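The structure appears right after this line, and notes come after that.
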Amino acid sequence: MATTTSFNPPTRILMGPGPSGAHPRVLKAMTAPILGHLDPEFLRIMDDCNDMLRDVMGTTNRITLATPGTGTSGMEAAVMNLVEPGDRVVVGICGYFGERIAVMAERAGGQVTRVQTAWGSPTDLAGVEAAVRAAGNVKLLGIVHAETSTGAQTPVEPFAKLAKESGALLLVDCVTSLGGVPVTVDAWGADAVYSGTQKCLSAPPGMAPLTMSPRAWDAVKAREVPCNSWYLDLSLLEAYWDERRAYHHTAPISMVYALHEALALVLDEGLERRWARHEQNGRALQAGLEAMGLVLHADPGYRLPVLTTVRIPDGVNDAEVRGALLDRNSIEIGGGLGDLRARVWRIGLMGESSTPGNVLLVLNSLGKILREQGFKADIRAAVDTAAAGLDA
Ligand SMILES: *Cc1c(COP(=O)(O)O)cnc(C)c1O
């Protein structure tokens, strides 16, 4: 017999690489009655979402919407619509997600050049520049703004300049940065930018904000062969999200409510204030971890405030520590991905999860568990140092 009792999940403190905790107003919005996907009231909030997304993403691009599906759907929509068979693509890879862009571009039939940088450093500009020149006639240059796998941030402007000079379009993955660190699409001069609802926007996983510059949209419209994906074909999606309202798929109604509420919360807080909050909490956590005696993994000067990678000390058991944090403190942090598996922890301070209380709690809880594991964590120094940063 299948169980028929309802599921009552524990309340976790989500401090991993995503999802982050959702604001109660966002969860409440999801319990609102379902509307038809062509109901005028529903269409109105879809339009509101697009307007708010433009503000949050720093763009006036007409093509600004949210694709159905998690952050990866935004990546796939951007790549599949912009890359045609034979197109030259250069991807700057400094972690797990850059590689995912490259794999998708290959699946779209692109001729892909990968420029690899050590995991923990920002994407190497000189290397990408050389690859773009060597390849010639590059259609798309892809980078990841905030590499969630490594905790490193890549400054976007120099890549936008390079793309412009070489006639390429610039694709930027902002899944982890949007709503947490400055994302200014038009000021950067980026052409295709996508994100996800579940990181610093603090809505549940399920949609992916996406924007395209007029130049990128011209490239989509000039395709000789249709996009490889039907579901994420932006020409079809656009006809649903714009005034034509042509049925394409049934919008994930409750997720659109959630996105709408989450974006309203971001704009109510104010982008500058929100960025400053993430910055302060992230730097306090990082200073606290160092004061505890731990070593941060990402290059100084390029550390993301929203996702901190910290090295696992020798002799400490990765899974036991994360398990104890979850069992005893109900705190989730992330393990390492790919090359960094069992070498780092990933501690997120995204959206609703980015609070001074969470900074102090994770330092105290992690410190105690590390001491049981034989690592001499200086908990007092960690908490005092972080608290000083939070007071500043
Ligand atoms: C999380 C993440 C993704 C993928 O998003 P999903 O919501 O897991 O599909 C892509 N890029 C980056 C940088 C991410 O952090």
Side-chain angles (χ1 to χ4, degrees), residues 14-22 26 57 66-80 91-105 107 117 119-123 142-156 159 170-183 185 190 192-211 229 231-232 252 255 258-259 262 278 282 297-298 302-309 332-341 344-351 353-354:
L14 296 175
M15 300 183 73
S20 62
V26 171
M57 299 179 98
T67 54
T70 61
T72 306
S73 76
M75 183 190 290
E76 195 145 299
V79 173
M80 290 300 166
V91 185
I93 300 175
C94 60
Y96 179 88
F97 290 103
E99 174 60 21
R100 185 177 288 188
I101 296 172
V103 169
M104 284 185 186
R107 289 193 179 197
T117 310
W119 285 34
S121 299
T123 288
I143 59 168
V144 176
H145 182 214
E147 240 314 339
T148 323
S149 61
T150 69
Q153 178 171 353
T154 292
V156 176
F159 291 91
L170 180 68
L171 171 146
V172 189
D173 178 319
C174 291
V175 175
T176 282
S177 46
L178 189 69
V181 295
V183 169
V185 173
V193 174
Y194 55 86
S195 187
T197 45
Q198 48 137 327
K199 312 257 167 122
C200 292
L201 294 179
S202 261
M207 293 199 89
L210 170 75
T211 189
S229 168
Y231 194 53
L232 295 173
M255 265 315 296
L259 174 63
H278 283 89
H297 178 72
Y302 297 94
R303 289 175 185 151
L304 280 167
V306 300
L307 192 283
T308 296
T309 43
E332 178 182 279
I333 65 167
L337 272 185
D339 290 353
L340 296 178
R341 207 182 121 83
V344 301
W345 288 307
R346 294 184 296 155
I347 306 178
L349 286 169
M350 301 182 185
S353 298
S354 177

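Computed from a predicted structure; not experimentally measured. Just so you know, ligand 1 is whichever comes first in the structure, and atom 1 is the first atom listed for that ligand.
Distance CD/Gln198 to CE/Met350: 8.5 Å, rounded to 0.5 Å.
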> Could you walk me through whether Val79 and Ile101 pass the side-chain contact (heavy atoms from CB on, under 4.5 Å) check?
Replying inline: CA-CA 7 Å; Val79 173; Ile101 296 172; 4.1 Å; yes

>> With side-chain contact (heavy atoms from CB on, under 4.5 Å) as the criterion, how do His145 and Val193 come out once you've worked through the C-alpha distance, each side chain's angles and the decisive distance to 0.1 Å?
In response: CA-CA 10 Å; His145 182 214; Val193 174; over 6 Å; no

Go ahead and list the nitrogen or oxygen contacts between ligand 1 and the protein that come in under 3.5 Å, distances to 0.1 Å, or just say none.
{"unit_1": "ligand 1", "atom_1": "7 (O)", "unit_2": "Gly71", "atom_2": "N", "d": "2.9"}
{"unit_1": "ligand 1", "atom_1": "7 (O)", "unit_2": "Gln198", "atom_2": "NE2", "d": "2.5"}
{"unit_1": "ligand 1", "atom_1": "9 (O)", "unit_2": "Thr70", "atom_2": "OG1", "d": "2.6"}
{"unit_1": "ligand 1", "atom_1": "9 (O)", "unit_2": "Gly71", "atom_2": "N", "d": "3.3"}
{"unit_1": "ligand 1", "atom_1": "9 (O)", "unit_2": "Thr72", "atom_2": "N", "d": "2.8"}
{"unit_1": "ligand 1", "atom_1": "9 (O)", "unit_2": "Thr72", "atom_2": "OG1", "d": "2.5"}
{"unit_1": "ligand 1", "atom_1": "11 (N)", "unit_2": "Asp173", "atom_2": "OD1", "d": "3.4"}
{"unit_1": "ligand 1", "atom_1": "11 (N)", "unit_2": "Asp173", "atom_2": "OD2", "d": "2.7"}
{"unit_1": "ligand 1", "atom_1": "15 (O)", "unit_2": "Thr148", "atom_2": "OG1", "d": "2.3"}
{"unit_1": "ligand 1", "atom_1": "15 (O)", "unit_2": "Thr176", "atom_2": "OG1", "d": "2.9"}
{"unit_1": "ligand 1", "atom_1": "15 (O)", "unit_2": "Lys199", "atom_2": "NZ", "d": "2.7"}

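Sorted by first and then second residue, the side-chain hydrogen bond (donor to acceptor under 3.5 Å, both in side chains) pairs with a member in residues 95-105 read Thr72-Arg100, Tyr96-Arg100, Glu99-Arg114; sequence neighbours excluded.
Counting all heavy atoms, side chain and backbone alike, Ser195 lies closest to Val175 at OG-O, 3.3 Å.
Summarising the local packing, OH of Tyr302 is surrounded by 12 or fewer heavy atoms from other residues, nucleotides or ligands at distances under 6.0 Å.
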